[in-house]
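Notes for the one structure printed next.
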Amino acid sequence: MDKQTLSFQAEVKQILHLVTHSLYSNKEIFLRELVSNASDACDKLRFEALDKAALYEDAPNLEIRVWYDEAAKTITIRDNGIGMSAEEAVAHLGTIAKSGTREFMAKLEGDQKKDANLIGQFGVGFYSGFIVADRITVETRRAGAAPAEAVRWSSEGAGDFEVETIERAQRGTDVILHLREGEEEFLSAWKLKSIISKYSDHISLPVLMPKQTWDDEKKEQVTTDEWEPVNKAAALWTRSKSDITDAQYQEFYKQISYDQDAPLAYTHNRVEGRTEYTQLLYVPARAPFDLWNRDKRGGVKLYVKRVFIMDDAEALMPVYLRFVKGVIDSADLPLNVSRELLQESRDVKAIREGCTKRVLSMLEDVAENQKDKYAAFWTQFGAVLKEGIGEDHANQERLAKLLRFASTTADEGVGFEDYVKRMKEGQEAIYYITADTLAAAKNSPQLEIFRKKGLEVLLLTDRVDEWMLSHLYEFDGKPLQSVAKGGVDLGKLQDDDEKKAAEATAEALKPLIERLKATLKDRAKDVRVTTRLVDSPACIVVDEGDMSGHLARMLKQAGQSAPRSQPTLEINAEHALVKRLDSAEGSERFDDLAHILFDQALLAEGGQLDDPAAYVRRVNALLTA
Ligand code: ADP
Ligand code: MG
């Protein structure tokens, strides 16, 4: 192929502009990104060579070399990994295949801190070379291709790049950075070494640099022909815990997660037994931008006997723990394991169970010993963890203990265990209410009797709460009971006098109730005297097995049909409006008052009126009467 000039994809141009202008304050990360690409390329070769050993040619030892040329002002990063064909070079270094590019750019533009970790997260690491270089040349030959089929790619990082065919004996890739004016500080063995050991110590391949020795005559360090490793070249998780510092664990986390914040917690173990594996798992402190995408693959990388197999091995973690990052290195799985095989493997099932338990222990530990940290975690990931209640029955009890809610006692951080400790003598159920917002929940008329009796009620306002509650019926042997469903049976909490009084009122109001039932027959399946209201005239209640108004509204919003059966209207015999209604019996105003009572009860629970205009007309008629 003769030399061709091709244009970068439009997104690449934008990325290049942003990267070179925004990340300047953190420019040393270019080396981390290029070494990481070199390491990925070696991983890919090792993987492809599993069933095609010839790809190793005569160089089975995979390694990365880094050197600089002071006169030419270049830095070269060389790997003997998989390399690229001409098509691959054009595709991988001229376009961005990954989704999320637009989010990346929006974030980079908006982010005041110019988060340099974002760059790796979005898979545009290669372009970071242009922060320090005004030209990058890539010379590469794909493993297995003939020397005459190598390719040179070159660009100034503006609008276009050139590609041409070259001869190249060496397999793999050289990335040659022609440094910009003013970037000479990187032409230093010490500088490059220190960046590599800061960011790339854990890379499992040796990163080699030319050995330096002291020249007595010149009175300075000179470069020799000998190469020496400048990193530990042992994958972090294979090292023994006692040899790894907290800082190293944190740095490794940054590398694999591209999260600039420290993780909330991590765990590192070698598991022996029926299936053998090493796990190094991190719980992030902050949610990623795409947490809500349930199709997003997990953040756990799978290795088999230290050979990298795949990123995002979702079979290793349940979906509700998709925020966990880390590495699992199995001693038992076959090296050629595929995603499909993973789904079926018994070893993988054991690994997933083991890892789930570990993560739950980590969270329990934080919840117990670092309450503030757990509260922050809960804000970020709580709603995701709730998915586990329905998805992971084996761990449901442990998960239930980790849940946190708002309640009528505290605006946040109430766990079931706290609630149970505060339960009143004679209280048998855990009471809750669901609503669209905290304010709506707090002001719900159904809470009145509970307030009066000093009973705590959990206020559930997350979208997933209703779904979660359809899987969770009790905690610690105590049933969960909605205060807006069924009749409130406060059981032992109500004394006999109260019960008798209520029965007497119900008896006295019988004619009114019958009249209301007839008037509202198209809207309410029943009307009864309430035991739950103190200050409000009426409220809407659904039967124990029926769908709550809150859930029906959510389904409707989501475009699903919500077969809502008619609710029950409960009226407060002590309220002035109800008394007025009673005395209006037989008058022409009765119907209007009855509908207003019902409409208001519906509005108070956050519902919408089917015919708002009729409501307004009725209220106005009363106001002007
Ligand atoms: P990412 O590494 O996240 O895919 P990069 O921008 O760092 O994104 O690299 C883009 C792509 O270019 C890589 O996915 C890979 O296909 C290719 N590439 C980059 N460097 C090398 C290399 N040293 N050897 C082989 N392929 C490479
Ligand atoms: Mg990369």
Side-chain angles (χ1 to χ4, degrees), residues 6 8-9 11-20 23 29-49 55 59 62-67 75-101 103-105 108 116-133 136-145 149-155 157 161 163 168 170-177 199-200 203 205 207-208 254-258 288 297 299 301 308 310-312:
L6 298 170
F8 282 121
Q9 186 194 23
E11 281 90 338
V12 175
K13 288 184 206 165
Q14 281 172 281
I15 293 264
L16 276 166
H17 182 84
L18 271 168
V19 164
T20 48
L23 298 179
I29 57 133
F30 78 89
L31 194 54
R32 172 187 78 187
E33 294 302 324
L34 297 177
V35 168
S36 134
N37 284 352
S39 162
D40 290 348
C42 293
D43 280 344
K44 282 180 201 157
L45 174 63
R46 196 150 32 184
F47 187 65
E48 279 192 26
L55 290 181
L62 301 178
E63 58 180 35
I64 301 166
R65 292 179 189 232
V66 177
W67 72 92
I75 297 173
T76 302
I77 296 96
R78 165 176 292 179
D79 66 73
N80 57 358
I82 193 73
M84 282 176 272
S85 65
E87 294 73 42
E88 287 169 328
V90 170
H92 298 325
L93 308 181
T95 59
I96 298 172
K98 302 231 169 69
S99 55
T101 311
E103 284 99 323
F104 167 69
M105 291 196 282
L108 202 56
N117 285 301
L118 281 173
I119 189 166
Q121 185 178 353
F122 287 90
V124 291
F126 173 77
Y127 302 110
S128 66
F130 287 108
I131 303 173
V132 295
I136 299 181
T137 307
V138 177
E139 296 184 357
T140 182
R141 176 170 72 76
R142 203 176 198 289
E149 291 169 16
V151 54
R152 177 184 292 126
W153 178 103
S154 179
S155 174
F161 59 92
V163 273
R168 181 176 156 91
Q170 152 95 30
R171 174 193 71 224
T173 305
D174 283 9
V175 176
I176 304 151
L177 304 172
Y199 294 114
S200 310
I203 296 267
L205 305 164
V207 180
L208 306 171
K254 282 189 188 168
Q255 306 259 324
I256 58 168
S257 68
Y258 304 111
R297 298 219 155 115
K301 292 174 195 283
F308 172 76
M310 68 180 83
D311 259 328
D312 319 322

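As the structure lists them, so they are numbered: ligands from 1, and atoms in each ligand from 1.
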Tell me whether the Mg ion (ligand 2) has N37 as a neighbour, meaning an N, O or S atom of it below 2.8 Å. yes

Is any side-chain heavy atom of Y127 closer than 4.5 Å to one of V12? yes

Does any N or O atom in Y127 lie less than 3.5 angstrom from one in ligand 1, N or O only? no

Please check whether M84 reaches ligand 1 - meaning an N/O of the residue sits under 3.5 Å from an N/O of the ligand, judged on distance alone. no

Tell me the nearest of I64, L34, D79, L93 to atom 22 (C) of ligand 1, using heavy-atom distances. D79

Under the salt bridge (charged side-chain N to carboxylate O under 4.0 Å, His left out) test, residues paired with D174 that sit two or more places apart: R78, R168

Under the salt bridge (charged side-chain N to carboxylate O under 4.0 Å, His left out) test, residues paired with R142 that sit two or more places apart: E48, E88

State, yes or no, whether a side-chain contact exists between R65 and L208 at a heavy-atom distance under 4.5 Å. yes

